[in-house]
Amino acid sequence: MHEADVVTQRKRKLEKIIEAGFDPYPHKFPYTHTVSELVKQLARCAHDELEASPIHVRTCGRLIALRAHGKAAFAHVSDGQSRIQIYLKKDRVSERTFELYEFLDIGDLVGVAGEIFRTRTGELTVSVKELDLLAKCLLPLPEKWHGLTDTEIRYRQRYVDLIANPEVGNIFRRRAAIVRELRRFLDERDYVEVETPMMQPMAGGATARPFETFHKTLGIHLYLRVAPELYLKRLVVGGFPRVYELSRNFRNEGISVMHNPEFTMLEFYQAYSDYFDLMDLSQELLTQIVERVTGSRKVEYQGEVIDFGRWHRFTLFDSILHFWNLPTEKPSPTDLKNAGPLRKILDANQISYVPSMGAGALVGRLFEAVVENQLRHPTIIYDYPVEISPLAKTRDDDPSIAERFELFVGGIEIANAYSELNDPEEQRRRFEEQLKRRVAGDEEAHGMDEDYIRSLCYGLPPTAGEGIGVDRLTMILTDMRSIREVILFPHRRPESVE
RNA sequence: GGGCCGUUAGCUCAAUUGGCAGAGCAACUGACUCUUAAUCAGUAGGUUGGAGGUUCGAUUCCUCCACGGCUCACCA
């Protein structure tokens with residue numbers, strides 16, 4: 001059976017429905033309850049109760065299963081979240097209604113009116129008196145047992161995925177809850193939510209390759225933002241001591257189970273604070289989000305229980321020594337500060353690195369290779385080499401160390417935060433450093449942002465800022481291994497034209 | 001971009017050493033007024049991702065291409 005033949009058959013049924021005088025695409029269906037409401041509200045209503053005082057309802061949804069019994073039929077109607085059984089008996093409906101039923105297919109959108117009862121096996125069921133077709137499903141739905149597993153179709157035609165695999169909807173309902181709770185947490189603490197440009201004349205605030213676009217009237221190139229960071233800090237200068245933005249960033253990089261070209265980030269800034277204040281805040285924030293969203297502090301991720309009641313903190317250097325598991329001898333703290341010994345360690349363990357990397361970048365590589373994957377429980381890693389932290393303020397006692405931390409859960413980096421650099425002269429020097437790299441061909445190197453430096457010249461209070469990857473946080477709280485499972489329409493190559 | 005694995009009916013999957021391409025669900029016809037993976041009887045549905053090659057013969061072996069999955073690199 002070709003798909004085209006199924007469509008032809010269903011179109012023919014639609015014509016017959018029209019011939020019988022039914023409106024094939026009615027404009028509305030007034031209902032008394034959604035399917036979910038029925039299931040929830042009547043969950044405890046017993047058989048006798050329903051029999052003694054019948055409840056008339058009107059509800060609607062998609063027909064997802066159909067069991068025909070000649071002059072009667074059972075079916076399930078879904079509102080996308082819950083399903084309820086309906087029972088249609090020839091001698092309880094009009095001839096016209098029964099005729100309509102005979103033209104229905106699995107997938108059709110229907111409205112029903114009738115009384116609620118419980119079947120012999122106790123299932124809550126609508127005994128249908130009236131039936132309406134609300135829209136016809138012309139294409140066949142995937143198989144009812146295994147659902148749809150082909151990722152190609154699941155992501156490209158997410159609507160089919162959501163129909164065939166109702167648990168997929170729960171991932172996105174939970175994602176919505178996470179976003180809601182993040183906002184609530186910050187709103188309660190007097191952070192102001194703002195919206196800054198997505199299209200920027202210069203893509204700053206992170207080292208990443210941007211997407212480029214063009215504004216015709218202005219005749220200028222614009223870049224999709226890689227981070228809102230520099231605009232948010234301008235706002236702190238202007239007098240918003242607590243701001244946040246929760247929206248999309250765009251990075252023209254590879255696609256993987258951890259990366260999508262557009263991703264959602266929460267970025268927030270808090271004046272008169274440093275990175276230690278944000279460590280405490282992050283811990284409180286995540287613990288609260290997890291509890292409110294899942295109802296527990298413990299979350300199962302990929303077969304492991306992650307306890308948001310157990311937090312760990314290490315400096316980056318200590319973490320390498322603490323989690324050391326490579327076959328070669330554990331390095332000394334001095335080894336980790338010097339490029340020569342670091343190269344030897346990386347070489348001996350077949351960890352790749354770029355020759356131009358200094359000690360800071362090399363120790364960063366070593367951290368990624370040794371530690372990252374072992375950080376299952378919520379862990380804060382702090383004090384990063386300044387070499388890999390161009391926008392962070394350095395420690396007073398050690399200018400090679402940036403006041404920066406990252407937060408890991410389930411081996412995944414969830415957040416990145418630092419004490420913001422607020423010295424305009426130093427900021428200019430760092431931009432100039434980046435410019436040199438840009439000239440040398442590094443596409444990801446930062447450009448010179450004169451206006452940002454000008455804003456710093458008006459005085460940025462001591463400020464700490466943090467970014468939280470909302471997609472990755474959602475992965476942890478929905479037990480998903482791939483970022484594509486928590487993004488409704490993940491980017492793919494265009495569908496090939498047949 | 002590199003490596004490995006995959007692509008068979010609308011969906012989920014089989015097919016022995018290279019020897020007639022199959023099942024379940026969905027669809028169609030018929031039976032059936034408390035079923036729920038409804039059941040029973042029957043019917044139809046395939047350029048095996050695409051192009052080439054080896055062979056008497058290719059879903060199976062080889063090459064290239066497209067798409068996907070995992071992984072490494074880059075990155076959050």
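Remember, it's a predicted structure, so these values are computed and weren't measured experimentally. Values reported hereafter were calculated over all heavy atoms of this structure, with side chains retained and with hydrogens, waters and symmetry mates removed. So you know, we letter chains A, B, ... as the sequences are listed, proteins then strands, and number each from 1.
- Here A:Ala68 lies in heavy-atom contact (under 4.0 Å) with a base.
- Of the candidate nucleotides B:C28, B:U35, B:U33, B:U33 has the atom lying nearest to any side-chain atom of A:Asp91.
- Distances from the side chain of A:His69 to the nucleotides B:A76, B:C67, B:U35 place B:U35 closest.
- Below the 3.5 angstrom threshold, one finds a donor paired with an acceptor across the side chain of A:Glu143 and the base of B:G24.
- Using a 4.0 Å heavy-atom criterion, one finds that A:Phe117 contacts the bases of the nucleic acid, with or without backbone contacts as well.
- Nearest to the side chain of A:Lys71, among B:C32, B:A27, B:A38, sits B:C32.
- For the ring pair (Phe, Tyr, Trp, His ring centres under 6.0 Å) condition, the pairs that include at least one residue of residues 364-384 of chain A, sequence neighbours left out, are A:Phe276-A:Tyr382, A:Phe367-A:Phe408.
- Between the side chain of A:Glu387 and the backbone N or O of A:Gly360, at least one donor-acceptor pair lies under 3.5 Å.
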Note, RNA chain B 5' to 3' with Watson-Crick or G-U pairs under 3.5 Å encoded as ( ), [ ], | and . gives (((((((..((((.....[..)))).(((((.......))))).....(((((..]....))))))))))))....

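- Comparing B:A76, B:A27, B:U35 by their closest approach to the side chain of A:Ile106 singles out B:A27.
- When the nucleotides B:U12, B:U33, B:C67 are ranked by their closest atom to the side chain of A:Lys89, B:U33 comes out on top.
- A:Thr149 contributes no side-chain N or O that forms a donor-acceptor pair with the base of B:U12 under 3.5 Å.
- Contact annotation for A:Gln85: base contact, defined as any heavy-atom pair under 4.0 Å involving a base atom.
- Closest to the side chain of A:Arg251, out of B:A76, B:U33, B:G68, is B:A76.
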For nucleotides 69-72 of chain B, give me every protein contact, N/O to N/O, under 3.5 Å, one pair per line with atom names.
unit_1, atom_1, unit_2, atom_2, d
B:G69, OP1, A:Arg484, NE, 3.3
B:G69, OP1, A:Arg492, NH1, 3.2
B:G69, OP1, A:Arg492, NH2, 3.2
B:C70, OP2, A:Arg484, NH2, 2.9
B:C70, O3', A:Arg481, NH2, 3.2
B:U71, OP1, A:Arg481, NH2, 2.6

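- Using a 4.0 Å heavy-atom criterion, one finds that A:Asn249 contacts no nucleic acid atom at all.
- When distances run from any side-chain atom of A:Lys13 to the nucleotides B:C11, B:A27, B:A26, the shortest one goes to B:A27.
- When each of B:U33, B:A26, B:A76 is scored by its nearest atom to the side-chain atoms of A:Glu413, the top-ranked nucleotide is B:A76.
- Here B:G68 is the nucleotide among B:A27, B:G68, B:A38 with the atom lying nearest to any side-chain atom of A:Glu152.
- The side-chain ring of A:Phe74 is not stacked on the base of B:A38, judged by centre separation under 5.5 angstrom and plane angle under 30 degrees.
- Sequence order on RNA chain B of the closest nucleotides to A:Pro142 and A:Ala415 puts A:Pro142 first from the 5' end.
- Here A:Gly147 lies in heavy-atom contact (under 4.0 Å) with sugar-phosphate atoms only.
- Remark: aromatic rings of A:Phe323 and A:Phe314 are close, center separation under 6.0 Å.
- Taking the centre and axis of the six-membered ring of A:Phe22, the NZ or CZ atom of A:Arg96 falls inside the cone set by 45° and 6.0 Å.
- Counting only distance, with no hydrogens or angles, the side chain of A:Ser389 and the backbone of A:Pro385 share a donor-acceptor pair below 3.5 Å.
- Neither OP1 nor OP2 of B:U35 sits under 4.0 Å from any side-chain N or O of A:Arg67.
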